[in-house]
**Student:** 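Pasting in a structure now, in structure tokens, and then I'll have a few things to ask.
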Amino acid sequence: MYHTLLNSPVSAETQMLLPTVETMVGVLYFGLFAISFDFISGYTGYLSFGHAVFYGTGAYTVILIANGKLPLLGPGTPFMLSLLVGGLIAIALAILVGLVSFRLSGVYFAMITLGFAQVFYVFVRGWDYVATNPRDGPAVGPSHAEGFQIGAPGIDQLSLSIGVLTGDEVALLGSTLSGTEVSYYMIGLVVLVCYFAMQRVIHSPFGRVMIAVRENEERAVAIGYNTYLYKLGAFAISGFFAAVAGGLFAGFKRSASPENSFYFLVTGDALLASIIGGFGTLAGSLYGHLFDETVREFLSKAGQGGGLLPYLRALLGQETLDATLVGETTIGGLIDLLLNGHASLYVGLVFVLFVLYVPDGLLGTLRARVGGTFADALPAKLWGDSE
Amino acid sequence: MLRTQGLTKEFGGLVAVDSVDFELDAELCSLIGPNGAGKTTFFNLLTGSLSPTEGTVELRRNGTWEDITNVSPHETASKGIHRSYQVTNVFPNSTVLENVRVAEQAHSDDATTFWRNVDRYEEFTERAWAILDRVGLSHRAEDLASTLSHGAKRKLEVAIALAGDPAVLLLDEPNAGVSSESVDEIRDLIEAVAEDYPVLLVEHNMDIVMGVSDRVVVLHQGAVIADGPPADVRANPDVQSAYLGGYEPGSLDDDTTAVGSDPDSEEGTA
Amino acid sequence: VSDDSSMTEQDDSDGGMTDSSTNGGSGGGSTQTVSIGVLQPRAGDLKYYGDQALWGFLSGLAYKGETDPPADPGSGELTITAGDTEYRLLIRDTEFSADTAQTAATNLVENEDVDMLAGCASSAVASRVVTTVVNQAQVPIMLGPAASADITSNAETCSDLVYRASENTAMDARSGGKYVARETDVSSVYLFGADYSFGRAVVNNYRDVLESEGVDIVGERFVEQGYAEWEGLLDNAEEAGAEGVVGGFTVATLPAMFNAFLSGEYSYRVFGGFATRITNSVVGGTMQSVLGEPLTEEKIRNSRLGPFTTRYHWNQYDNPINDAFVESYTNAYGVVPDLFTAGTFTGASAIHQAIQESGSTEGADIADALKGMTVTDTPKGENGYTFQEYNNQARSAMTVANPIPTTDEWADNWGAAIMPGEPLARIGADETTIPQDSDQMGCSL
Amino acid sequence: MSLLELDGVHTYYGDSHILEGVDLSVEAGEVVALAGRNGVGKTTTLRTILQLTPPREGSITFRDESLVGLETHEVASRGVGWIPEDRRIFGQLTVEENLRAAIPDPDDVASGLQLAFDSFPILEERRGQDAGTLSGGQQQMLAIARGLVGDNDLLLVDEPSEGLAPQIVADVAEALSKASEDMTMLLVEQNLPLALDLADRFYILDKGRVVDDGDTAAVTADDERFRRYLSA
Amino acid sequence: MILEALAEFLTLGELGGVIVNGLAKSALYVMIASGLTLIFGLMGVLNFAHGSLTMVGAYLGGLLMVVTVTGGTAPITRLGLFFIAIVVVFALLTVLGGAIETTIIRPLYDRPPIYQILLTFGLTLVIEEIVRIVLGIYDLQPLSDWQAALATKPQFLREPVALGPVSAGWLSLFQILLGTITVVSIWAFLTKTRYGLYIRAGSEDTEMASALGIDVRQVFTVVFALGIGLAGAAGTLLMWDPTWGASVPLAAETLLPAFIVVIVGGLGTFRGTVVAALVVGMADAVTTWWFQNVIEFTGLPELVLFLVLVVTLIVRPQGLFGVEEVGGH
Ligand SMILES: Nc1ncnc2c1ncn2[C@@H]1O[C@H](COP(=O)(O)OP(=O)(O)OP(=O)(O)O)[C@@H](O)[C@H]1O
Ligand SMILES: Nc1ncnc2c1ncn2[C@@H]1O[C@H](COP(=O)(O)OP(=O)(O)OP(=O)(O)O)[C@@H](O)[C@H]1O
Ligand SMILES: CC(C)C[C@H](N)C(=O)O
Ligand SMILES: [Mg+2]
Ligand SMILES: [Mg+2]
């Protein structure tokens, strides 16, 4: 699909608009993180502002295991098991943090979880054990030079390696899928499974209580729910999937840093994604992140995924670019000044507009338009097509 | 069913509930009294939403009295004390059916199940439908609770309380703000419900109180000033002056306090 | 290395590239193309590092092709022809971030099929790219100006694919540190460093050199990059009896440190590596406001800043290559080359030399040819740099100089109030790097 | 033309229809009582006049100018004051600050405070105390005083005697009756003797409509009409 | 070792220095946080853009100083110009704040508070990028402190001053002075002026205040504008402090501490904010001392604030001076 478009007459436009496969892989695992954030924040109404701590936990666990730094688990531990271990550690962490934090609500809850996460962030940044230079974060070392395998652990026929450089290549129906594309499908598979798992929880009796807590916690208590325990449970589940997302990220990238895993702005990106996609819609977060990434990439510099800038340059031609506007500013200079590396500006503007005019987000609005039921059936279909 | 001994609640210097000894049998008992008499506070003490300054609350289960003073609200609810609220307090962005269904689900062992779809638990849904039928809301089942009219919301309040499979039902002004046409419906509903459960009813509409109650208790400045069959209470001169008849200084508050909310006091839940 | 069939080529010339480069070696006269992925910060705080490094690299190729260096290309694609070789440079912004660099490098290797990589200004970025991309994809890299000595002296990162012409922190320590230990009265030193690879490398290298020269290390502290509350720390160094202080920092931290040092009254001197133009302009500015204008050599000497090692500054070398380099560079970019620039110039020069010698544009062949090479054309003179076989780090001479007020000649193109003076000492290439038998050398190739 | 005139006013809270066509008028200089059982819409009528809960239908004119669509502070600055039923004093402000907040013209502050302190001496004693720490009755006095000190032509008074001990009710009655000498009042009061004493005319509200009205001089608290609408 | 260090810490000279340093830090924290508190206290809007506006204030203040100060400007003139710069920046940002409130915050009042948080979060992205673009035009480094602005500081502010056995920096004393002036003026504004009275009344009960003829909406605009103005003034002060300095990351660097101070103090109480600023400032100064003299963990200075936050909330979930939510119906 991607290729067809790229080879078609509108290839320049296509390349400008479509994110690259690498970006799409990022959309998948970070989308999963955003979904897990939405799971707790959008469904119970408790803004988990320190959610990045779970993402980071998952990522670091995978790398530490691969580097043989986690007791009992050698570098040869199957990736799927590492993901699970990361998730379990995150559950433990979520329960610890949650025990204290769920005594609070509203802004105070958001702030105390943020506080905890930042404590972990600073700690991980200074912990020599995780990497020679913990400030820069760990990377998968030579003890695990091969790619991380997704599939049935131990059965090679049913597993494929991920990673741009380490991924397996697969010949399929006459065309070959590159390592990145294989990663896309394999990670997509895990994300899909996780998404359905969370979807399942939301539609379970437990999930309905989460919604009841968001809608009216006082009343939920009055009809007999010990909401404290439900919130803790939801937090643990959400932490688990956030860690899986982090693990996928580390497995694909083969490195992590405190800034791109534990830092509070990572949570900020998840928040952005869920708002744009639709708070409390689960799948919306993924579309929200896709949207965010597409805009960013569209506006990013030449050579880092194509985008508007090189397209405009090519379209306008050198003469137009060199034409001067006022003083010494050329059109090219102006375009460069306004576009080059300033994607955040436009993402911010889009975001502000969303808050003001599309408060329900992409998916929320769509669902409201089309009616509630379609959303249950459609995600699976859309997922297959989203490349 | 439910009894209190010396139940007292003070807010700062204000004694909102003043050593109340009260016992509810299998009956429809009304609790009346001027605004600010302490009726809602009394409810909050029974359900554990507030803890008393002094005194005890006990619930009879399986023939023995169990002390439930200071037990948290979700536990009193799971022990069977269910209430409707004076100020509508439902799950606004859930459907009417879901409001009742989630309350149904609360007292089942499957409430914590997170791997099975709710739709598999048809029994909850069926019972929720039955309750909606009973309160006359089944035609609105699929609508969001926030879109209901005031009167319909009052019915939903009762429905949610009923869904708890109560041992005791506490109804706090189910008629508050209900237009006259609907008053009769709710009144019928109360009477019907009282056939099945012991009911403690707070109500300002004297037509209803006098018409449906087996017994009326009058609260004034936190204390019980009369207790007996409706006719007796109505004739009681203290009650006449404190509540039914002429004005008597001392009632501190009015029912609109709770309603005229200050937008700034809303704490973000997000 | 990777399979072409998965690629999404849209440009025919790319498709033909593989052919021409394989033919290139044999077919005399026809040009051959080599594509190099260049990773440097092209925006943000440390863009200046990227500028100097990239411009140096471009100047190196231009020198070889006997043309003028091209105007600053920003990021994107650029072609330079030198002799019969066409260099297709794919320049990517690293934002000084390891993540961005890793992504960009992965992309270059996987999707653009580059023959080799060049660059990385931050040591953190360099180690990340080496571990996750170079070793993984077996594509060689010409590192620089990332300066942590560790990268070429640690078994984890050093390899037959990793070359560095640029000078490193051990070279700073082995020239400047030694000079201070031997030629000044400093006998006790307090070491400060940024809490990441570069700062740790600086501290380790200086500790090593100074201790072996009999200097006492009276204290060592690491702080976050950008730390600004220097007073207390500098006081501690004073209390610890330090006669000298070294700071292993980048421009993110140095100005605050120098400011605090100049504003306080400390009895020790600060020495280390001679910094970039940015730091010089900040420190110069502070000196002007603390010591009063105009600055004189005398005033600067009394401020106890220096002497500093310079890896390379434009005015430290007097030879035809350097003269041509400084001139064409100043013309093209409006500033003089500074400490990062000679190393990357040499890197480019070495790559061209390797292609000439091997007659191939395959990454592996270039790497082979680089092994043990003595680079002919370098700003430090003919044959100024030699790649050491045991770790693929180039050794080159270093100088030690004091800061002096910027002379009128350079005022326009240096733009800072202070600049390096005449070299106080020159340290020969064979003394600057970590020897093969040192216990500091964890690399033996 | 009357000072205040309501014509066919309909007001809702969300979906609940509270006022179902209220018509009433108040002449300059009069005191008019508004009576009715709990929850019939008395308070809502006052809130509607103030545009705190704007009407969905009907007209409200004050001195021949329509109030509908104005902001509450604009209504207030046209000379309409309010003594709300649930006191609504500013708990974190001192007694004096509560009063100052109600006096628009800084030049009137001294005389305004004097007026308040004369009516309720206890307030002068407590002028520096945070109003939230006053007893309920004292808070009620403060709320009334705050209505009196404003530069108002029409005062909307909602259950001023609520929660006050009998002797203070007398103070309140006196203060209000003194104020009524140069202020028009629309008074909601459950204490019928007090209401009848203060008011010249009365309206009785039931289920959001005016069902009766007349001169207070002609009726007593035992009047059949009051019995019907005001007690069970 | 620890005991030895403790003994040294407790000497008059060291402890006194830490206290002065702590007060100076508290003064900065209170400057950073008071605008945030003001806006939250009245309007319930948690302004995520506060840090960005502080950063804008730092650059504007720096610009004014860089343009007016030359090498030869006398120290006292520099101080005078600095005060003028603070006032001008305050005024400019107040206008900006007013514009922001009327155009984009106002439509959100009847939505749940999270939307205001989100909106101001988006605003942050926009403001920061705009600043980056402008800095790009003037070729300034967005990530490092603007040295030219720092250099406009008179020399004596860099020097230490002896207060008996205690050695403190003139800069610290200057900051304590400005912090005190700010606290006193806000306090006076809130308690002594009519407008302050209106603000406090409006924040307690919007309906009642408007029924007394107060234009609460206008009050909201003014408060938001003033809060932003304060953010700007704080930025100008930070611009002269080498620990902060004008740079784009100043936005994030000030936002988190400001949040922490406001939350620790209890949302919306000015008194709480002042006390919390003192607590946080002192904690900061104390850990700085321990970090510089004893403990080598580089993350320590950053950790303090968050530890203060977490510990406070564990002990007192509503903050030091926050009101506990009143029980249900
Ligand atoms: N959380 C609280 N804090 C302080 N005072 C309270 C609190 N809750 C109730 N009160 C006071 O206690 C008294 C009794 O209130 P309660 O709500 O029980 O009255 P009620 O009988 O239900 O009146 P109504 O008929 O108006 O509903 C009132 O004066 C009220 O102001
Ligand atoms: N904010 C609100 N939202 C919904 N309904 C309300 C609101 N405020 C009041 N009501 C309802 O409107 C009706 C009229 O209330 P109002 O306060 O005007 O009565 P009232 O005549 O003043 O009664 P009282 O004598 O008890 O003060 C009541 O049924 C009340 O429950
Ligand atoms: C000051 C510079 C020599 C430091 C270098 N950019 C590094 O991080 O390695
Ligand atoms: Mg009540
Ligand atoms: Mg009323």
Side-chain angles (χ1 to χ4, degrees), chain A residues 39-49 104-111 196-230 232-234 236-237 271 274-275 279-280 360 368 371-373 376, chain B residues 43-44 47-49 72-85 88-95 98-121 124 142 144-146 157 160-166 170 266-270:
Chain A
F39 180 84
I40 182 76
S41 309
Y43 284 88
T44 66
Y46 279 77
L47 205 61
S48 171
F49 223 77
L104 280 54
S105 60
V107 179
Y108 289 103
F109 177 82
M111 289 305 293
F196 280 129
M198 279 188 272
Q199 182 78 2
R200 181 118 217 174
V201 177
I202 291 299
H203 290 299
S204 73
F206 183 90
R208 294 308 170 90
V209 183
M210 289 168 61
I211 297 175
V213 167
R214 175 187 72 192
E215 294 288 305
N216 187 343
E217 185 165 359
E218 184 196 1
R219 187 66 190 237
V221 171
I223 58 181
Y225 292 112
N226 184 351
T227 54
Y228 184 71
L229 292 181
Y230 283 87
L232 260 187
I237 295 175
L271 176 67
S274 21
I275 293 300
F279 209 47
D360 294 336
T373 44
D376 299 331
Chain B
F43 271 25
N44 283 336
T47 58
S49 302
S72 61
H74 69 87
E75 284 176 77
T76 58
S78 54
K79 291 181 197 298
I81 302 180
H82 284 265
R83 70 185 294 189
S84 76
Y85 284 79
T88 302
N89 195 8
V90 296
F91 303 108
N93 295 313
S94 297
T95 62
E98 177 61 18
N99 266 272
V100 181
R101 207 202 54 78
V102 81
E104 258 310 330
Q105 173 192 301
H107 53 88
S108 97
D109 291 339
D110 292 315
T112 49
T113 303
F114 58 82
W115 54 91
R116 284 185 77 190
N117 199 300
V118 270
D119 297 339
R120 300 280 202 84
Y121 297 93
F124 299 151
E142 303 291 349
L144 292 189
S146 58
E157 269 292 335
I160 294 176
L162 285 176
D165 192 19
L170 312 177
E266 267 185 58
E267 187 61 51
T269 52

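No experiment lies behind these values; they were computed from the predicted model shown. Proteins come first, then strands; the chains are lettered A, B, ... in the order of their sequence lines, and each starts at number 1.
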**Student:** Is it the side chain or the backbone of B:Phe91 that comes within 4.5 Å of chain A heavy atoms, both, or neither?
**Tutor:** both
**Student:** Looking at every non-hydrogen atom in both residues, tell me the closest pair between A:Ala222 and B:Ala77 and how far apart they are.
**Tutor:**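 Residues A:Ala222 and B:Ala77, closest heavy atoms: O-CB, 3.1 Å.
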**Student:** Can you tell if the side chain of B:Trp115 reaches within under 4.5 Å of the side chain of A:Ser204, non-hydrogen atoms only?
**Tutor:**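 Side chain of B:Trp115 against side chain of A:Ser204, heavy atoms only: no contact under 4.5 Å found.
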**Student:** Side-chain contact, heavy-atom cut-off 4.5 Å: A:Val221 with B:Pro73?
**Tutor:**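 In short, these two side chains touch, coming nearer than 4.5 Å.
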**Student:** Taking the side chain as every heavy atom from C-beta outward, state whether A:Tyr228 and B:His74 have any pair of such atoms under 4.5 Å apart.
**Tutor:**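 A side-chain contact is absent here, since even the closest heavy-atom pair is not under 4.5 Å.
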**Student:** Atom CG of B:Asn93 and atom CZ of A:Arg214: how far apart are they, to the nearest 0.5 Å?
**Tutor:** 7.0 Å
**Student:** When rounded to the nearest 0.5 angstrom, what distance separates CD in A:Glu215 from CG in B:Leu144?
**Tutor:** 8.5 Å
**Student:** Which is it for A:Arg219 and B:Glu157 under the side chain to side chain contact (heavy atoms under 4.5 Å, CB included) test, yes or no, and what are the steps along the way?
**Tutor:** CA-CA 10 Å; A:Arg219 187 66 190 237; B:Glu157 269 292 335; 2.6 Å; yes
**Student:** Could you tell me which portion of B:His107 (side chain, backbone, both or neither) has an atom closer than 4.5 angstrom to a non-hydrogen atom of chain A?
**Tutor:**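 The answer is neither part of B:His107.
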**Student:** After noting the C-alpha distance and the side-chain angles of A:Glu218 and B:Tyr85, does the key distance pass the side chain to side chain contact (heavy atoms under 4.5 Å, CB included) rule?
**Tutor:** CA-CA 11 Å; A:Glu218 184 196 1; B:Tyr85 284 79; 3.6 Å; yes
**Student:** Checking heavy atoms, do the side chain of B:Glu75, its backbone, both or neither come under 4.5 Å from chain A?
**Tutor:**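 Contact with chain A: none, neither part.
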**Student:** Less than 4.5 Å to any heavy atom of chain A: does that hold for the side chain of B:Ser94, its backbone, both, or neither?
**Tutor:**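 Both parts, backbone and side chain.
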**Student:** Highest number of heavy-atom pairs under 4.5 Å with chain A: which of B:Ser78, B:Ala163, B:Gly48, B:Ala103?
**Tutor:** B:Ala103
**Student:** Can you tell me how far apart CZ (A:Phe206) and CG (B:Asp110) are? Round to the nearest 0.5 Å.
**Tutor:** 13.5 Å
**Student:** Are the side chains of A:His203 and B:Arg116 in touch, meaning some heavy atoms are under 4.5 Å apart?
**Tutor:**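 A:His203 does not reach B:Arg116 side chain to side chain.
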**Student:** Is the shortest side-chain heavy-atom distance between A:Val209 and B:Gln105 below 4.5 Å?
**Tutor:**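 A:Val209 vs B:Gln105: side chains touch.
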**Student:** Do A:Asn216 and B:Val90 have side chains that get closer than 4.5 Å, going by heavy atoms?
**Tutor:** no
**Student:** Given heavy-atom pairs under 4.5 angstrom as the criterion, report whether the side chain, backbone, both or neither of B:Glu104 touches chain A.
**Tutor:**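 Neither part.
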**Student:** Quick check: closest heavy atoms across B:Ala111 and A:Tyr230, and the distance to 0.1 Å?
**Tutor:** CB-OH, 3.2 Å
**Student:** Run the side chain to side chain contact (heavy atoms under 4.5 Å, CB included) check on A:Ile223 and B:Ile160 step by step: do they pass?
**Tutor:** CA-CA 8 Å; A:Ile223 58 181; B:Ile160 294 176; 3.6 Å; yes
**Student:** Rounded to the nearest 0.5 Å, how far apart are CG of B:Asn117 and CD of A:Gln199?
**Tutor:** 9.5 Å
